[in-house]
> 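Quick one: this structure, given as C-alpha coordinates, is what I'll be asking you about.
The figures that follow rest on heavy atoms only: side chains count, while hydrogens, waters and symmetry mates do not.
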2 protein chains.
Amino acid sequence: MRIGELSARTGVPAATIKYYVREGLLPGGERISHNQVRYGEEHVRRLRLVRALVETGSLPIAKVREVLAEIEEPDRDLDGTLGVVAGALSAHWEPPQGPKAEDVETAHAIMERQGWHRVNPGIPQINVLADVIGRLRLLGMDDMVDRIDQYARAAETVAEADLRLLFTRDDRDEILETMIVGTVLGDALLSALRRIAQVEISGRTFNAREGEPDGTAKG
Amino acid sequence: MRIGELSARTGVPAATIKYYVREGLLPGGERISHNQVRYGEEHVRRLRLVRALVETGSLPIAKVREVLAEIEEPDRDLDGTLGVVAGALSAHWEPPQGPKAEDVETAHAIMERQGWHRVNPGIPQINVLADVIGRLRLLGMDDMVDRIDQYARAAETVAEADLRLLFTRDDRDEILETMIVGTVLGDALLSALRRIAQVEISGRTFNAREGEPDGTAKG
DNA sequence: TACTATCGATAGTGTTACTCTCAATAAGGA
DNA sequence: TCCTTATTGAGAGTAACACTATCGATAGTA
(Lines give C-alpha, C1' and ligand atoms only; values in the text may rest on other atoms or scores of the structure.)
Protein backbone atom coordinates (compact mmCIF):
# COMPACT_ATOMS: atom_id res chain seq x y z
CA MET A 1 0.00 0.00 0.00
CA ARG A 2 1.06 3.62 -0.43
CA ILE A 3 1.31 6.21 2.30
CA GLY A 4 -2.25 7.44 1.78
CA GLU A 5 -3.74 4.06 2.56
CA LEU A 6 -1.43 3.53 5.53
CA SER A 7 -2.59 6.88 6.80
CA ALA A 8 -6.27 6.04 6.23
CA ARG A 9 -6.01 2.67 7.96
CA THR A 10 -4.28 3.96 11.07
CA GLY A 11 -5.73 7.44 11.35
CA VAL A 12 -2.24 8.92 11.43
CA PRO A 13 -1.65 11.87 9.03
CA ALA A 14 0.73 11.14 6.17
CA ALA A 15 3.02 13.99 7.24
CA THR A 16 3.29 12.40 10.66
CA ILE A 17 4.14 9.02 9.17
CA LYS A 18 6.97 10.64 7.21
CA TYR A 19 8.13 12.27 10.42
CA TYR A 20 8.16 8.93 12.26
CA VAL A 21 10.18 7.33 9.47
CA ARG A 22 12.68 10.21 9.63
CA GLU A 23 12.90 9.82 13.40
CA GLY A 24 13.46 6.09 13.12
CA LEU A 25 10.26 4.98 14.84
CA LEU A 26 9.00 3.27 11.72
CA PRO A 27 11.13 1.46 9.13
CA GLY A 28 10.93 2.95 5.65
CA GLY A 29 8.90 1.00 3.12
CA GLU A 30 10.14 -0.90 0.12
CA ARG A 31 11.42 1.47 -2.54
CA ILE A 32 9.60 0.94 -5.82
CA SER A 33 10.91 3.88 -7.80
CA HIS A 34 12.24 7.39 -7.40
CA ASN A 35 9.17 8.67 -5.63
CA GLN A 36 7.23 5.56 -4.76
CA VAL A 37 7.53 3.47 -1.61
CA ARG A 38 5.40 0.47 -0.68
CA TYR A 39 4.27 -0.23 2.89
CA GLY A 40 2.95 -3.49 4.31
CA GLU A 41 0.98 -4.90 7.22
CA GLU A 42 4.01 -4.73 9.47
CA HIS A 43 3.95 -0.95 9.05
CA VAL A 44 0.30 -0.81 10.09
CA ARG A 45 1.13 -2.80 13.18
CA ARG A 46 4.21 -0.81 14.10
CA LEU A 47 2.36 2.44 13.61
CA ARG A 48 -0.39 1.31 15.99
CA LEU A 49 2.24 0.32 18.52
CA VAL A 50 3.95 3.70 18.23
CA ARG A 51 0.66 5.55 18.64
CA ALA A 52 -0.25 3.49 21.69
CA LEU A 53 3.05 4.38 23.32
CA VAL A 54 2.86 8.06 22.34
CA GLU A 55 -0.82 8.79 22.88
CA THR A 56 -1.85 6.50 25.71
CA GLY A 57 1.54 5.99 27.31
CA SER A 58 2.70 9.62 26.85
CA LEU A 59 6.19 8.46 25.97
CA PRO A 60 8.41 11.07 24.32
CA ILE A 61 9.45 10.17 20.77
CA ALA A 62 13.05 9.63 21.85
CA LYS A 63 12.00 7.00 24.42
CA VAL A 64 9.84 5.23 21.87
CA ARG A 65 12.82 5.00 19.56
CA GLU A 66 14.99 3.69 22.35
CA VAL A 67 12.48 1.04 23.38
CA LEU A 68 11.73 -0.06 19.82
CA ALA A 69 15.42 -0.39 19.11
CA GLU A 70 15.35 -3.40 21.45
CA ILE A 71 13.09 -5.22 19.03
CA GLU A 72 15.71 -4.93 16.30
CA GLU A 73 18.48 -5.99 18.68
CA PRO A 74 18.69 -9.76 18.31
CA ASP A 75 21.44 -10.74 20.73
CA ARG A 76 20.08 -9.88 24.11
CA ASP A 77 18.29 -12.35 26.32
CA LEU A 78 14.74 -11.69 27.47
CA ASP A 79 15.72 -11.02 31.03
CA GLY A 80 18.18 -8.37 29.92
CA THR A 81 15.66 -6.88 27.52
CA LEU A 82 13.11 -6.54 30.28
CA GLY A 83 15.69 -4.65 32.26
CA VAL A 84 16.39 -2.32 29.36
CA VAL A 85 12.73 -1.75 28.56
CA ALA A 86 11.84 -1.17 32.19
CA GLY A 87 14.81 1.16 32.54
CA ALA A 88 13.95 3.16 29.46
CA LEU A 89 10.39 3.54 30.65
CA SER A 90 11.22 4.62 34.17
CA ALA A 91 13.01 7.80 33.69
CA HIS A 92 11.39 9.91 31.07
CA TRP A 93 12.39 12.64 33.49
CA GLU A 94 15.86 13.15 34.78
CA PRO A 95 16.06 13.59 38.55
CA PRO A 96 17.03 17.25 39.17
CA GLN A 97 19.49 16.25 41.83
CA GLY A 98 20.13 12.69 42.77
CA PRO A 99 17.93 11.49 45.63
CA LYS A 100 19.24 11.63 49.18
CA ALA A 101 21.18 8.62 50.44
CA GLU A 102 18.70 8.22 53.28
CA ASP A 103 15.82 7.81 50.84
CA VAL A 104 17.73 5.33 48.72
CA GLU A 105 18.37 3.37 51.88
CA THR A 106 14.65 3.32 52.67
CA ALA A 107 14.00 2.07 49.15
CA HIS A 108 16.49 -0.74 49.63
CA ALA A 109 14.90 -1.65 52.96
CA ILE A 110 11.52 -1.98 51.24
CA MET A 111 12.99 -4.27 48.63
CA GLU A 112 14.69 -6.28 51.33
CA ARG A 113 11.40 -6.79 53.17
CA GLN A 114 9.72 -7.92 49.94
CA GLY A 115 12.44 -10.48 49.39
CA TRP A 116 13.43 -8.85 46.13
CA HIS A 117 17.01 -10.05 46.24
CA ARG A 118 17.60 -10.66 42.56
CA VAL A 119 17.33 -7.14 41.25
CA ASN A 120 20.47 -5.13 40.80
CA PRO A 121 20.23 -2.41 43.47
CA GLY A 122 21.54 0.14 40.97
CA ILE A 123 18.67 0.10 38.49
CA PRO A 124 17.14 3.52 37.74
CA GLN A 125 13.72 2.62 39.17
CA ILE A 126 15.26 2.74 42.62
CA ASN A 127 15.87 6.43 42.07
CA VAL A 128 12.24 7.00 41.18
CA LEU A 129 11.26 5.16 44.34
CA ALA A 130 13.74 7.17 46.41
CA ASP A 131 12.56 10.41 44.83
CA VAL A 132 8.96 9.70 45.79
CA ILE A 133 10.01 8.74 49.31
CA GLY A 134 11.98 11.96 49.64
CA ARG A 135 9.07 14.09 48.48
CA LEU A 136 6.63 12.33 50.79
CA ARG A 137 8.94 13.07 53.68
CA LEU A 138 9.33 16.73 52.69
CA LEU A 139 5.54 16.93 52.70
CA GLY A 140 5.43 15.40 56.17
CA MET A 141 3.76 12.21 54.98
CA ASP A 142 6.06 9.73 56.64
CA ASP A 143 3.10 7.51 57.42
CA MET A 144 2.56 7.04 53.70
CA VAL A 145 6.19 5.98 53.36
CA ASP A 146 5.51 3.32 55.99
CA ARG A 147 2.74 1.89 53.85
CA ILE A 148 4.79 1.45 50.70
CA ASP A 149 5.19 -2.23 51.56
CA GLN A 150 1.49 -2.68 50.90
CA TYR A 151 1.90 -1.12 47.47
CA ALA A 152 4.92 -3.31 46.84
CA ARG A 153 2.90 -6.47 47.50
CA ALA A 154 0.22 -5.33 45.06
CA ALA A 155 2.91 -4.49 42.51
CA GLU A 156 4.32 -7.97 42.89
CA THR A 157 1.02 -9.67 42.13
CA VAL A 158 0.64 -7.44 39.07
CA ALA A 159 4.16 -8.24 37.92
CA GLU A 160 3.42 -11.94 38.30
CA ALA A 161 0.42 -11.55 36.03
CA ASP A 162 2.60 -9.62 33.56
CA LEU A 163 5.15 -12.38 33.43
CA ARG A 164 2.53 -15.13 33.11
CA LEU A 165 1.18 -13.35 30.05
CA LEU A 166 4.68 -13.17 28.61
CA PHE A 167 5.06 -16.93 28.96
CA THR A 168 2.08 -17.58 26.74
CA ARG A 169 4.10 -16.19 23.80
CA ASP A 170 6.74 -18.18 21.99
CA ASP A 171 7.82 -15.92 19.14
CA ARG A 172 10.61 -13.62 20.22
CA ASP A 173 9.17 -10.49 18.61
CA GLU A 174 5.78 -11.20 20.14
CA ILE A 175 7.32 -11.47 23.57
CA LEU A 176 9.09 -8.16 23.14
CA GLU A 177 5.98 -6.41 21.89
CA THR A 178 3.94 -7.84 24.73
CA MET A 179 6.57 -6.66 27.16
CA ILE A 180 6.50 -3.13 25.82
CA VAL A 181 2.74 -2.89 25.44
CA GLY A 182 2.12 -4.60 28.74
CA THR A 183 4.42 -2.26 30.59
CA VAL A 184 3.27 0.99 29.02
CA LEU A 185 -0.44 0.38 28.51
CA GLY A 186 -0.43 -1.56 31.77
CA ASP A 187 0.53 1.59 33.64
CA ALA A 188 -2.34 3.51 32.07
CA LEU A 189 -4.67 0.62 32.82
CA LEU A 190 -3.64 0.35 36.44
CA SER A 191 -3.93 4.02 37.15
CA ALA A 192 -7.39 4.18 35.58
CA LEU A 193 -8.49 1.10 37.54
CA ARG A 194 -7.08 2.51 40.74
CA ARG A 195 -9.01 5.76 40.31
CA ILE A 196 -12.22 3.90 39.59
CA ALA A 197 -11.71 1.64 42.59
CA GLN A 198 -11.00 4.66 44.79
CA VAL A 199 -14.29 6.24 43.79
CA GLU A 200 -16.10 2.93 44.35
CA ILE A 201 -14.67 2.36 47.80
CA SER A 202 -15.09 5.97 48.78
CA GLY A 203 -18.75 5.70 47.72
CA ARG A 204 -19.23 2.55 49.78
CA THR A 205 -17.66 4.16 52.82
CA PHE A 206 -19.14 7.65 52.82
CA ASN A 207 -22.62 6.75 51.60
CA ALA A 208 -22.90 3.41 53.29
CA ARG A 209 -26.68 3.15 52.92
CA GLU A 210 -28.32 1.41 49.99
CA GLY A 211 -29.56 3.45 47.07
CA GLU A 212 -28.41 4.57 43.67
CA PRO A 213 -24.68 4.59 43.01
CA ASP A 214 -22.71 7.67 43.83
CA GLY A 215 -19.24 9.01 43.15
CA THR A 216 -20.34 11.67 40.75
CA ALA A 217 -17.44 13.35 39.00
CA LYS A 218 -17.81 16.96 37.93
CA GLY A 219 -21.56 16.99 37.59
CA MET B 1 10.80 35.36 54.41
CA ARG B 2 11.47 36.99 51.05
CA ILE B 3 11.49 35.30 47.69
CA GLY B 4 15.22 34.56 47.80
CA GLU B 5 14.90 32.50 50.94
CA LEU B 6 11.79 30.72 49.66
CA SER B 7 13.76 29.87 46.55
CA ALA B 8 16.76 28.66 48.54
CA ARG B 9 14.66 26.48 50.84
CA THR B 10 12.73 24.75 48.04
CA GLY B 11 15.31 24.72 45.29
CA VAL B 12 12.86 26.44 42.94
CA PRO B 13 14.27 29.45 41.04
CA ALA B 14 12.78 32.80 42.07
CA ALA B 15 11.61 33.47 38.50
CA THR B 16 9.70 30.19 38.57
CA ILE B 17 8.06 31.09 41.87
CA LYS B 18 6.86 34.36 40.35
CA TYR B 19 5.54 32.39 37.39
CA TYR B 20 3.63 30.02 39.66
CA VAL B 21 2.09 32.95 41.52
CA ARG B 22 1.02 34.50 38.21
CA GLU B 23 -0.46 31.18 37.11
CA GLY B 24 -2.38 30.80 40.35
CA LEU B 25 -0.56 27.70 41.62
CA LEU B 26 0.79 29.53 44.64
CA PRO B 27 -0.99 32.27 46.58
CA GLY B 28 0.83 35.61 46.61
CA GLY B 29 2.56 36.54 49.85
CA GLU B 30 1.67 39.27 52.29
CA ARG B 31 2.33 42.68 50.79
CA ILE B 32 4.71 44.70 52.98
CA SER B 33 5.38 47.66 50.72
CA HIS B 34 5.59 48.66 47.09
CA ASN B 35 8.17 46.10 46.18
CA GLN B 36 8.29 43.82 49.18
CA VAL B 37 6.20 40.71 49.79
CA ARG B 38 6.55 38.30 52.70
CA TYR B 39 6.14 34.53 52.32
CA GLY B 40 5.53 31.99 55.08
CA GLU B 41 5.80 28.28 55.82
CA GLU B 42 2.56 27.60 53.96
CA HIS B 43 4.26 28.82 50.79
CA VAL B 44 7.16 26.43 51.33
CA ARG B 45 4.71 23.59 51.72
CA ARG B 46 2.56 24.52 48.75
CA LEU B 47 5.61 24.93 46.57
CA ARG B 48 6.82 21.44 47.49
CA LEU B 49 3.40 20.07 46.68
CA VAL B 50 3.36 21.81 43.30
CA ARG B 51 6.83 20.54 42.46
CA ALA B 52 5.89 17.00 43.43
CA LEU B 53 2.91 17.11 41.09
CA VAL B 54 4.84 18.74 38.24
CA GLU B 55 8.16 16.94 38.46
CA THR B 56 7.32 13.49 39.73
CA GLY B 57 3.69 13.34 38.63
CA SER B 58 4.30 15.07 35.26
CA LEU B 59 1.06 17.01 35.62
CA PRO B 60 0.70 19.99 33.29
CA ILE B 61 0.47 23.34 35.09
CA ALA B 62 -3.18 23.75 34.13
CA LYS B 63 -4.10 20.43 35.80
CA VAL B 64 -2.18 21.37 38.92
CA ARG B 65 -4.17 24.60 39.14
CA GLU B 66 -7.42 22.69 38.65
CA VAL B 67 -6.61 20.14 41.32
CA LEU B 68 -5.36 22.70 43.81
CA ALA B 69 -8.49 24.77 43.31
CA GLU B 70 -10.33 21.96 45.13
CA ILE B 71 -8.38 22.73 48.29
CA GLU B 72 -9.73 26.28 48.28
CA GLU B 73 -13.27 25.07 47.55
CA PRO B 74 -14.85 24.60 50.99
CA ASP B 75 -18.35 23.34 50.19
CA ARG B 76 -17.79 20.00 48.57
CA ASP B 77 -17.88 16.71 50.44
CA LEU B 78 -14.89 14.42 50.43
CA ASP B 79 -16.51 11.83 48.24
CA GLY B 80 -17.26 14.44 45.61
CA THR B 81 -13.78 15.88 45.90
CA LEU B 82 -12.23 12.49 45.32
CA GLY B 83 -14.30 12.24 42.17
CA VAL B 84 -13.12 15.64 40.99
CA VAL B 85 -9.49 14.99 41.84
CA ALA B 86 -9.54 11.56 40.23
CA GLY B 87 -11.30 13.00 37.19
CA ALA B 88 -8.83 15.86 36.82
CA LEU B 89 -5.94 13.45 37.06
CA SER B 90 -7.25 10.92 34.57
CA ALA B 91 -7.35 12.85 31.42
CA HIS B 92 -4.31 15.02 30.99
CA TRP B 93 -4.76 13.62 27.56
CA GLU B 94 -7.85 14.16 25.47
CA PRO B 95 -9.03 11.08 23.60
CA PRO B 96 -8.48 11.73 19.84
CA GLN B 97 -11.79 10.20 19.02
CA GLY B 98 -14.11 8.80 21.62
CA PRO B 99 -13.54 5.09 22.24
CA LYS B 100 -15.66 2.51 20.43
CA ALA B 101 -18.93 1.48 22.05
CA GLU B 102 -17.76 -2.13 22.09
CA ASP B 103 -14.72 -1.24 24.18
CA VAL B 104 -16.78 0.84 26.60
CA GLU B 105 -19.05 -2.17 26.99
CA THR B 106 -16.06 -4.37 27.83
CA ALA B 107 -14.98 -1.82 30.40
CA HIS B 108 -18.42 -1.91 31.99
CA ALA B 109 -18.37 -5.69 32.04
CA ILE B 110 -15.08 -5.63 33.94
CA MET B 111 -16.53 -3.26 36.51
CA GLU B 112 -19.61 -5.44 36.79
CA ARG B 113 -17.49 -8.51 37.50
CA GLN B 114 -15.55 -6.59 40.19
CA GLY B 115 -18.77 -5.62 41.87
CA TRP B 116 -18.05 -1.95 41.34
CA HIS B 117 -21.66 -0.90 41.32
CA ARG B 118 -21.38 2.44 43.04
CA VAL B 119 -19.32 4.33 40.49
CA ASN B 120 -21.11 6.48 37.98
CA PRO B 121 -20.58 4.67 34.66
CA GLY B 122 -19.95 8.02 32.97
CA ILE B 123 -16.74 9.04 34.73
CA PRO B 124 -13.81 9.87 32.44
CA GLN B 125 -11.64 7.02 33.69
CA ILE B 126 -13.93 4.63 31.86
CA ASN B 127 -12.80 6.21 28.62
CA VAL B 128 -9.17 5.67 29.50
CA LEU B 129 -9.99 2.06 30.24
CA ALA B 130 -11.90 1.68 26.99
CA ASP B 131 -9.11 3.37 25.04
CA VAL B 132 -6.56 0.91 26.37
CA ILE B 133 -8.88 -2.01 25.62
CA GLY B 134 -9.37 -0.75 22.06
CA ARG B 135 -5.65 -0.39 21.47
CA LEU B 136 -4.90 -3.83 22.88
CA ARG B 137 -7.44 -5.27 20.47
CA LEU B 138 -5.99 -3.39 17.50
CA LEU B 139 -2.63 -4.88 18.45
CA GLY B 140 -4.14 -8.35 18.56
CA MET B 141 -3.67 -8.71 22.29
CA ASP B 142 -7.14 -9.85 23.21
CA ASP B 143 -5.69 -12.24 25.76
CA MET B 144 -4.37 -9.29 27.68
CA VAL B 145 -7.84 -7.79 27.68
CA ASP B 146 -9.08 -11.00 29.26
CA ARG B 147 -6.64 -10.54 32.12
CA ILE B 148 -7.68 -7.05 33.07
CA ASP B 149 -9.78 -8.52 35.88
CA GLN B 150 -6.56 -9.55 37.60
CA TYR B 151 -5.30 -5.98 37.37
CA ALA B 152 -8.62 -4.72 38.66
CA ARG B 153 -8.36 -6.85 41.78
CA ALA B 154 -4.87 -5.52 42.45
CA ALA B 155 -6.12 -1.98 41.87
CA GLU B 156 -8.86 -2.56 44.41
CA THR B 157 -6.47 -3.64 47.14
CA VAL B 158 -4.35 -0.57 46.41
CA ALA B 159 -7.40 1.69 46.54
CA GLU B 160 -8.37 0.17 49.88
CA ALA B 161 -4.94 1.06 51.23
CA ASP B 162 -5.33 4.57 49.81
CA LEU B 163 -8.63 5.09 51.57
CA ARG B 164 -7.39 3.65 54.85
CA LEU B 165 -4.60 6.22 54.81
CA LEU B 166 -7.15 8.97 54.19
CA PHE B 167 -9.10 7.92 57.28
CA THR B 168 -6.10 8.51 59.52
CA ARG B 169 -6.44 12.24 58.83
CA ASP B 170 -8.97 14.47 60.49
CA ASP B 171 -8.18 17.96 59.23
CA ARG B 172 -9.97 18.69 55.98
CA ASP B 173 -6.99 20.25 54.22
CA GLU B 174 -4.80 17.35 55.27
CA ILE B 175 -7.27 14.90 53.80
CA LEU B 176 -7.33 16.76 50.50
CA GLU B 177 -3.56 17.01 50.32
CA THR B 178 -3.20 13.35 51.13
CA MET B 179 -5.72 12.55 48.43
CA ILE B 180 -3.84 14.54 45.81
CA VAL B 181 -0.37 13.40 46.84
CA GLY B 182 -1.50 9.83 47.30
CA THR B 183 -3.08 9.68 43.89
CA VAL B 184 -0.31 11.36 41.93
CA LEU B 185 2.80 10.18 43.72
CA GLY B 186 1.06 6.84 44.24
CA ASP B 187 0.97 6.33 40.48
CA ALA B 188 4.69 7.01 40.19
CA LEU B 189 5.31 4.72 43.14
CA LEU B 190 3.26 1.87 41.75
CA SER B 191 4.81 1.98 38.32
CA ALA B 192 8.32 2.02 39.77
CA LEU B 193 7.47 -0.88 42.07
CA ARG B 194 5.90 -2.82 39.24
CA ARG B 195 9.01 -2.46 37.10
CA ILE B 196 11.25 -3.54 39.94
CA ALA B 197 9.01 -6.51 40.67
CA GLN B 198 9.00 -7.46 36.98
CA VAL B 199 12.77 -7.54 36.92
CA GLU B 200 12.83 -9.55 40.16
CA ILE B 201 10.37 -12.16 38.96
CA SER B 202 11.92 -12.34 35.54
CA GLY B 203 15.27 -12.94 37.22
CA ARG B 204 13.83 -15.70 39.37
CA THR B 205 12.26 -17.36 36.39
CA PHE B 206 14.94 -17.11 33.74
CA ASN B 207 17.95 -17.63 35.97
CA ALA B 208 16.36 -20.05 38.37
CA ARG B 209 19.67 -21.29 39.83
CA GLU B 210 21.27 -19.77 42.90
CA GLY B 211 24.00 -17.21 42.54
CA GLU B 212 24.42 -13.47 42.46
CA PRO B 213 21.39 -11.41 41.62
CA ASP B 214 20.67 -10.60 38.00
CA GLY B 215 18.40 -8.26 36.10
CA THR B 216 21.13 -5.95 34.96
CA ALA B 217 19.81 -2.84 33.28
CA LYS B 218 22.03 -1.16 30.72
CA GLY B 219 25.28 -2.14 32.31
C1' DT C 1 -3.52 14.99 -21.24
C1' DA C 2 -5.24 16.41 -16.88
C1' DC C 3 -5.26 15.67 -12.25
C1' DT C 4 -4.18 13.76 -7.97
C1' DA C 5 -0.72 11.33 -5.10
C1' DT C 6 3.78 10.78 -3.70
C1' DC C 7 8.80 11.65 -2.69
C1' DG C 8 12.40 13.66 0.80
C1' DA C 9 14.14 17.77 2.69
C1' DT C 10 13.63 21.96 5.01
C1' DA C 11 11.20 25.46 7.15
C1' DG C 12 7.46 26.87 9.95
C1' DT C 13 3.86 26.36 13.77
C1' DG C 14 1.68 25.95 18.25
C1' DT C 15 2.15 24.62 22.91
C1' DT C 16 4.31 24.39 27.25
C1' DA C 17 7.13 25.70 31.02
C1' DC C 18 9.86 28.34 32.16
C1' DT C 19 13.67 32.36 32.06
C1' DC C 20 15.26 36.95 31.14
C1' DT C 21 15.01 41.89 31.26
C1' DC C 22 13.50 46.15 32.92
C1' DA C 23 13.13 50.48 35.89
C1' DA C 24 11.73 51.58 40.28
C1' DT C 25 12.47 50.95 44.80
C1' DA C 26 13.98 48.61 49.47
C1' DA C 27 17.38 46.33 52.60
C1' DG C 28 21.60 45.90 54.81
C1' DG C 29 26.54 46.62 55.58
C1' DA C 30 30.95 49.97 55.56
C1' DT D 1 25.26 58.31 53.92
C1' DC D 2 26.81 55.66 50.28
C1' DC D 3 27.00 51.41 47.88
C1' DT D 4 25.81 47.00 46.64
C1' DT D 5 22.57 43.53 46.33
C1' DA D 6 17.69 42.02 46.43
C1' DT D 7 13.08 42.61 45.13
C1' DT D 8 8.77 43.96 42.60
C1' DG D 9 5.29 42.93 38.43
C1' DA D 10 4.90 42.70 33.74
C1' DG D 11 6.10 41.54 29.30
C1' DA D 12 9.22 39.62 26.06
C1' DG D 13 12.21 35.87 24.94
C1' DT D 14 13.72 30.93 24.87
C1' DA D 15 14.24 25.92 24.40
C1' DA D 16 12.25 21.65 23.65
C1' DC D 17 8.91 18.99 21.50
C1' DA D 18 5.74 17.04 18.16
C1' DC D 19 4.16 17.76 14.57
C1' DT D 20 2.58 20.29 9.91
C1' DA D 21 3.16 22.85 5.67
C1' DT D 22 5.56 23.70 1.49
C1' DC D 23 8.45 22.64 -2.27
C1' DG D 24 9.63 21.05 -7.20
C1' DA D 25 10.16 16.75 -9.25
C1' DT D 26 8.08 12.81 -10.61
C1' DA D 27 4.51 8.63 -10.81
C1' DG D 28 -0.11 6.70 -11.19
C1' DT D 29 -4.52 6.97 -13.26
C1' DA D 30 -9.10 8.50 -15.56
> Mind calculating the distance between CD (A:Glu55) and P (D:dC19) to the nearest angstrom?
8 Å
> Report which part of the nucleic acid B:Val21 touches: base, sugar-phosphate, or nothing (heavy-atom distance under 4.0 Å, all strands).
nothing
> Does a side-chain N or O of B:Arg38 approach OP1 or OP2 of C:dA27 to a distance below 4.0 Å, or not?
no
> Using atom CG of B:Leu26 as one end and atom C1' of C:dA17 as the other, report the distance to the nearest whole Å.
16 Å
> For the side chain of B:Tyr20, counting heavy atoms from C-beta on, which of C:dC18, D:dT20, D:dT8 is nearest?
C:dC18
> Can we say A:Glu177 and A:Arg48 salt-bridge, meaning some charged N sits less than 4.0 Å from an Asp/Glu carboxylate O?
no
> Tell me: CD1 of A:Ile61 to P of D:dT20, nearest whole Å?
11 Å
> Using modelled atom types and a 3.5 Å cut-off, is there a donor and acceptor pairing between side-chain atoms of B:Arg147 and backbone atoms of A:Asp162?
no
> Look at the side chain of B:Arg22 and decide which nucleotide, out of C:dG8, D:dA12, D:dG9, has an atom nearest to it.
D:dA12
> May I ask you to say what A:Arg65 touches in the nucleic acid, namely base, sugar-phosphate or nothing, with a heavy-atom cut-off under 4.0 Å?
nothing
> Expressed in angstrom and rounded to an integer, what is the separation of B:Glu5 atom CD from D:dT8 atom P?
12 Å
> Evaluate whether atom CD of B:Glu23 has more than 12 neighbouring non-hydrogen atoms of other residues, nucleotides or ligands under 6.0 angstrom away.
yes
> Could you pick out which residue, B:Val54 or A:Ala14, lies toward the 5' side of DNA chain C when each is mapped onto its nearest nucleotide?
A:Ala14
> Ignoring hydrogens and geometry, is there a side-chain-to-backbone donor-acceptor pair from A:Thr168 to A:Arg164 under 3.5 Å?
no
> Taking the minimum atom-to-atom distance to the side chain of A:Ile3, which one of C:dT6, C:dC18, D:dT8 wins?
C:dT6
> Considering only nitrogen or oxygen atoms on both sides, find all protein atoms under 3.5 Å from nucleotides 26-28 of chain D and state each distance.
unit_1 : atom_1 : unit_2  : atom_2 : d
D:dT26 : O2     : A:Asn35 : ND2    : 2.5
D:dA27 : O4'    : A:Asn35 : OD1    : 3.0

> Please give, in whole Å, the distance from D:dA18 P to A:Lys63 NZ?
12 Å
> Could you tell me how far apart B:Ile17 (CD1) and C:dT19 (C1') are, to the nearest whole angstrom?
13 Å
> Salt bridge check, B:Glu42 against B:Arg45: does any charged N sit closer than 4.0 Å to a carboxylate O?
no
> Does A:Arg38 use its side chain to pair, donor to acceptor, with the backbone of A:Ile32 at less than 3.5 Å?
no
> Provide, to the nearest angstrom, the distance between the CD atom belonging to A:Glu23 and the P atom belonging to C:dA9.
12 Å
> Of the listed nucleotides (D:dA21, C:dG8, C:dC18), which one gets closest to any side-chain atom of B:Thr16?
C:dC18
> Counting heavy atoms from C-beta on, name the nucleotide in C:dA17, C:dC7, C:dT19 closest to the side chain of A:Tyr39.
C:dC7
> Quick one: on DNA chain C, does A:Val37 or B:Pro13 contact a more 5' nucleotide (nearest heavy atom)?
A:Val37
> Can you tell me if the side-chain N/O atoms of B:Arg31 get under 4.0 Å from OP1 or OP2 in D:dG9?
yes
> Among residues two or more places apart or on two chains, list those pairs meeting ring pair (Phe, Tyr, Trp, His ring centres under 6.0 Å) that have a residue in residues 33-80 of chain A.
A:Tyr39-A:His43
> Assess the side chains of B:Arg51 and B:Thr10: does a donor N or O sit below 3.5 Å from an acceptor N or O?
no
> Grab the CG-P distance between B:Leu59 and C:dC18 for me, whole Å please.
12 Å
